[in-house]
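To keep things clear, I will list the structure first and then write my remarks on it.
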Protein chains: 2
Amino acid sequence: MSRIPALERRRALVDAALRVVSRHGIAQATTRAIVAEAGMSLASFHYAFASRDELIDELITTVVGREQQAVLPELVPDGDLAEVIEAGLLRYFEHLRSDPEHEQAMLELTQYALRSPERHPLAVQQYARYAELAERSLERAAGLAGADWRVPAAQVARVLVAFTDGLTLTWLVDRDDDAARLVAHAAADAVSRLADVR
Amino acid sequence: MSRIPALERRRALVDAALRVVSRHGIAQATTRAIVAEAGMSLASFHYAFASRDELIDELITTVVGREQQAVLPELVPDGDLAEVIEAGLLRYFEHLRSDPEHEQAMLELTQYALRSPERHPLAVQQYARYAELAERSLERAAGLAGADWRVPAAQVARVLVAFTDGLTLTWLVDRDDDAARLVAHAAADAVSRLADVR
DNA sequence: GTCTATACACCGATAGAC
DNA sequence: GTCTATCGGTGTATAGAC
């Protein structure tokens, strides 16, 4: 068989790599650990990927797209703008609580990418995706609540991404649900004030 | 000489380790790289520390205390509460801009600590210190601006720490100064609304 | 106490049998 | 195409000369 098995193999290895990074961190995600998780031999790895770095690159890029649905999903059309945004943030928070290791893995992959000039663009692209997704949600939220952004929505989106990151990181450290919900509430309030009610 | 040289050696190694982590990331902070940075031999390392992990633990704890001054310094007594807080956040942001690698190193050390049960408490302690420091600043800020916190100041402090982290992480990725300043402004606005003016 | 030399485990990557 | 066996390199840690 020519190419499709190789692609499936790559996919299986990327999935296995994500599981290993989630469970044990990127430092422990050696090629050996990854092929063990995927139930393959070491040589099969290098048949599918030229190097470990190549797999990590693919892991970073593919994993971002996969998570797009969960991070900022459909907004509930009840309430004013702040409430709509807060509901979105709380929904993300529940996603974080249900799979903390996954978000921890995402943070580690980001910081890993920041450490090499060749991979830094991957992190930039990753955050651009986040911001793009947040922007669309914010525009829908403003539409639902009958408001208009005073600041460009793209910039508001960056603020929202920053708040989400801060919530994630601090919660991963202290696991304080109340504090996280307070962050969500305060962040939603702050972001909503960047819009005018029509 | 008996003990003081050993302590000085430990200090020199911790300093060297921080420089290596800042420049190249924790993954590259091998014992070899650290002793090279400190100008020592490999054996000298294990005379001062039982293991690499022991040094990393000491690095995490000592480095937190050192940075306390810079993170949230004296507040300027002009303006209302939001302005006072924003000035503090912007001051932190200038600190971040002046030495990005140091803050990146702090984030990496935190995430490193999160990955092992024995070290997780170090991260908790680290963030407790941050929160404690932020709490004192917030109380002084409320005093200056003539306001009272509706929510316990300790909880407000956690929100502020989360916002600071989010600002740090997103700026390290995109290096967008305007976006970071917008985050600072929005965060200061949000946090200030958790207080009542007297 | 401080060095050089080295033990031993594990890393990424590859050769070569099948 | 897929495996086992292995290479060359580097990691942490230590032994032993000085």
Side-chain angles (χ1 to χ4, degrees), chain A residues 1-21 23-60 105 108-109 112-113 115-116 118-119 122, chain B residues 1-60 105 108-109 111-113 115-116 118-119 122:
Chain A
M1 300 165 208
S2 50
R3 285 191 60 203
I4 295 181
L7 287 180
E8 279 171 17
R9 193 170 284 271
R10 285 173 75 98
R11 226 184 93 74
L13 284 167
V14 167
D15 285 351
L18 180 59
R19 289 196 297 274
V20 174
V21 174
R23 270 205 299 275
H24 304 295
I26 191 162
Q28 305 300 319
T30 64
T31 53
R32 283 177 152 89
I34 292 165
V35 295
E37 173 72 24
M40 293 184 199
S41 72
L42 193 53
S44 301
F45 178 94
H46 287 287
Y47 176 76
F49 288 99
S51 69
R52 178 182 174 273
D53 281 353
E54 190 179 302
L55 174 129
I56 298 292
D57 286 356
E58 186 154 317
L59 174 59
I60 294 176
E108 284 188 16
L109 289 172
Y112 182 82
R115 277 299 175 187
S116 87
E118 315 93 67
R119 265 185 290 271
L122 288 179
Chain B
M1 300 167 209
S2 50
R3 285 190 61 203
I4 295 181
L7 287 180
E8 277 171 17
R9 193 171 284 273
R10 285 173 77 97
R11 225 184 93 75
L13 283 167
V14 168
D15 285 352
L18 179 59
R19 288 196 297 275
V20 173
V21 174
S22 296
R23 270 205 298 276
H24 305 295
I26 191 162
Q28 304 300 319
T30 64
T31 52
R32 282 177 150 91
I34 293 166
V35 296
E37 173 72 25
M40 293 184 198
S41 73
L42 193 52
S44 301
F45 178 92
H46 286 286
Y47 177 75
F49 288 99
S51 69
R52 176 182 176 274
D53 280 352
E54 190 179 302
L55 174 129
I56 299 291
D57 286 356
E58 186 154 317
L59 173 59
I60 294 176
E108 284 187 16
L109 289 172
Q111 285 190 286
Y112 182 81
R115 276 299 174 186
S116 87
E118 316 94 69
R119 265 185 290 270
L122 289 179

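Note on naming: letters A, B, ... go to the chains in the order of the sequence lines (proteins, then strands), and numbering restarts at 1 for each one.
Remark: Glu108(B) pairs with Arg115(A) by the side chain to side chain donor-acceptor pair (under 3.5 Å) rule, at least two apart or across chains. The side chain to side chain donor-acceptor pair (under 3.5 Å) search around Ser51(A) returns none, not counting sequence neighbours. Under the rule for a salt bridge (charged side-chain N to carboxylate O under 4.0 Å, His left out), the partners of Arg119(B) that lie at least two apart in sequence or sit in another chain are Asp53(B), Asp57(B). For Phe49(B), the ring-ring contact (aromatic ring centres under 6.0 Å, His included) criterion is met by Phe45(B), not counting sequence neighbours.
To the nearest angstrom, P of dG11(D) lies 16 Å from CG of Leu55(B). Separating the CD1 atom of Ile34(B) from the P atom of dG11(D) is a distance of 11 Å, rounded to the nearest angstrom. Separating the CD atom of Glu54(B) from the P atom of dT14(D) is a distance of 12 Å, rounded to the nearest angstrom.
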*Where along nucleotides 9-16 of chain C does protein come under 4.0 Å, by heavy atom, of base (B) or sugar-phosphate alone (S), with - for untouched nucleotides?*
--BBBBB-

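Residue pairs meeting the salt bridge (charged side-chain N to carboxylate O under 4.0 Å, His left out) criterion with at least one partner in residues 30-39 of chain A, sequence neighbours excluded, are Arg19(A)-Glu37(A), Arg23(A)-Glu37(A).
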